[in-house]
Amino acid sequence: MANIQDFYQHVRQELDGIREAGLFKGERIITSPQGAVVRTRDGREVINLCANNYLGLSSHPQVIEAAHEALRTHGYGLSSVRFICGTQDIHKELEARIARFLGTEDTILYAAAFDANGGLFEPLLGEADAIISDELNHASIIDGIRLCKAKRFRYKHNDLADLEAQLQAAEAAGARFKLVFTDGVFSMDGTIAQLDKIRALCDRYGALLGIDECHASGFLGATGRGTHEHRGVFGKIDIITGTLGKALGGASGGFTTGKREVIELLRQRSRPYLFSNTVAPSIVGGSLAVLDILEGSTQLRDKLEANTAYFREAIQAAGFEIKPGTHPITPVMVYDAVKAQQLSARLLELGVYAVGFFYPVVPKGQARIRTQISAVHERHHLEQAVAAFTQAGRELGLIPA
Ligand SMILES: *Cc1c(COP(=O)(O)O)cnc(C)c1O
């Protein structure tokens, strides 16, 4: 029989295994707020190309001031879940504002989008039903589906023919309700889901459509509503989940938004909502300011679009290959995992913070530096970043000297 010491020994061995496989994830420590430039612990300032701070709102003065104001007027925390004594006027206001912004009826807030996805499926669907999910959906969607008794069907990533085959399989299995669920934007490649075509397929097979908009809400589409606006199906999505922790301010918090009765049932039955603390008032206040800014003007998403177009063009002109597209997620392809790590390390020395991704986060042989462009970047930041990529890329033999 193993003892307690054996357990700790076992844990250390697991960690050694992770290190030996080259998969250990270190964390770099920054000492400044999130922004175009961040300070590292050794006191250097580096251009940040790896935050989800798409609109630059994580350190926006108006958002910080609104958060301070909510802290003053509504306190530091609620010390309760929503249904006991954790619901304030501003929580209800934010839920209504998110619904208006995203073209739905009502919204339920969670501590994180991970919880929104984790608590979404089980209350709504049962054994008689089917969930049809893109194979590259986010981990939180996969976990949420695991907690639900519905039959599971997976379709090949972004593959409409296979989606149709899986819809037919779900029908053949006698599913009562069918729900197709996909990331609006896939974070490794910046791929934007073909929601117009997916909606048409769902309609043909009588299926509901749900999307996770964590990498889209706030900036995708002409007025920043998200993937549904971008693909011309605004108002036609049954369920949308999203985060307050990326473009919409970057603090934390998540939500599910959709038809009134769906949200009402989630308030009754969704476990991460029922059994976890309410979102802090300062975050709610900050998020309301974010929506004021985004509903008032498209300036930030327009600047993000222009910055993205500039960077995608300039990095290719420098000789690098990127994943094609228009999303601010711009994967600079290196293919070799060791080279990707070397490039990331050299970029940091040259004043650019951009992280390498390799197996198992992306498929084997698909290693890359995933850059993320922001509205907070000025042209000189992006020029400097391209110059650093060019120098490091030449040194490492990734692009011609
Ligand atoms: C980041 C992300 C989440 C998790 O969001 P949190 O609010 O940080 O929990 C969920 N889904 C997708 C697609 C994401 O990119």
Side-chain angles (χ1 to χ4, degrees), residues 25 27 34 50-55 57-58 91 94-95 98 102 107-121 131 133-148 154 157-158 179-195 198 209-220 226-228 230-231 237 239-258 266 270-273 275-280 282-284 286-287 290 323 325 327-331 355 357 361-362 370-374:
K25 289 179 279 299
E27 298 179 0
Q34 199 64 270
C50 51
N52 300 306
N53 185 21
Y54 294 113
L55 297 170
L57 294 172
S58 43
H91 292 81
L94 179 59
E95 288 174 340
I98 290 172
L102 296 180
T107 305
I108 174 173
L109 293 174
Y110 290 87
F114 206 104
D115 290 326
N117 286 328
L120 174 66
F121 303 96
I131 302 171
S133 175
D134 186 293
E135 65 180 351
L136 292 191
N137 275 346
H138 190 262
S140 56
I141 299 169
I142 294 168
D143 284 8
I145 292 172
R146 279 193 190 134
L147 294 171
C148 172
R154 269 199 331 180
H157 174 54
N158 201 26
L179 170 64
V180 172
F181 207 92
T182 178
D183 281 17
V185 171
F186 292 84
S187 62
M188 287 305 137
D189 289 355
T191 304
I192 303 173
Q194 307 170 71
L195 287 189
I198 295 176
L209 174 56
I211 61 177
D212 175 333
E213 285 283 271
C214 285
H215 286 283
S217 293
F219 59 94
L220 217 61
T227 313
H228 54 346
H230 178 78
R231 291 293 191 202
I237 307 298
I239 296 169
I240 300 174
T241 61
T243 184
L244 303 173
K246 291 183 176 133
L248 301 179
S252 64
F255 57 83
T256 299
T257 189
L266 291 173
S270 181
R271 292 161 69 85
Y273 182 80
F275 297 105
S276 186
N277 206 20
T278 193
V279 179
S282 56
I283 293 177
V284 175
S287 301
V290 165
K323 288 273 177 187
H327 196 275
I329 292 171
T330 308
V355 172
F357 284 72
V361 178
V362 294
R370 186 184 71 174
T371 61
Q372 287 170 287
I373 306 308
S374 169

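Counting convention: from 1, in listed order, for ligands and their atoms alike.
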> With a 3.5 Å cut-off and no angle check, do the side chains of Y110 and S270 form a donor-acceptor pair?
Replying inline: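 Looking only at side-chain atoms, S270 and Y110 do form a donor-acceptor pair, the distance falling under 3.5 Å.
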
>> Between S374 and N53, is there a side-chain donor-acceptor contact under 3.5 Å, judged purely by atom types and distance?
In response: no

>> At under 4.0 Å between heavy atoms, is it the side chain or the backbone of S140 that contacts ligand 1, or both, or neither?
In response: side chain

Below 4.0 angstrom from a heavy atom of [X], which ligand 1 atoms are there? Numbered from 1 as shown, please.
| X | answer |
| --- | --- |
| K246 | 1 (C), 2 (C), 3 (C), 14 (C), 15 (O) |
| H215 | 15 (O) |
| D212 | 10 (C), 11 (N), 12 (C), 13 (C) |

> How far is atom 9 (O) of ligand 1 from its nearest protein heavy atom, and which residue and atom name does that atom have?
Replying inline: F114 N, 2.9 Å

> Which protein non-hydrogen atom lies closest to atom 8 (O) of ligand 1, naming both residue and atom, and how far is it?
Replying inline: T243 OG1, 4.2 Å

> In a check of side chain to side chain donor-acceptor pair (under 3.5 Å) between H157 and each of N137, T182, D134, D189, which one passes?
Replying inline: D134

Short question: side chain of [X], backbone of [Y] - any donor-acceptor pair under 3.5 Å?
| X | Y | answer |
| --- | --- | --- |
| H230 | L195 | no |
| S58 | A251 | no |
| R231 | G184 | no |

> Does E213 reach ligand 1, in the sense of a heavy atom lying below 4.0 Å from it?
Replying inline: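 No, E213 has no heavy atom closer than 4.0 Å to ligand 1.
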
>> Between H138 and F114, is there a side-chain heavy-atom distance shorter than 4.5 Å?
In response: yes

Any nitrogen or oxygen of [X] lying under 3.5 Å from a nitrogen or oxygen in ligand 1? Just yes or no.
| X | value |
| --- | --- |
| S187 | no |
| C214 | no |
| A113 | yes |

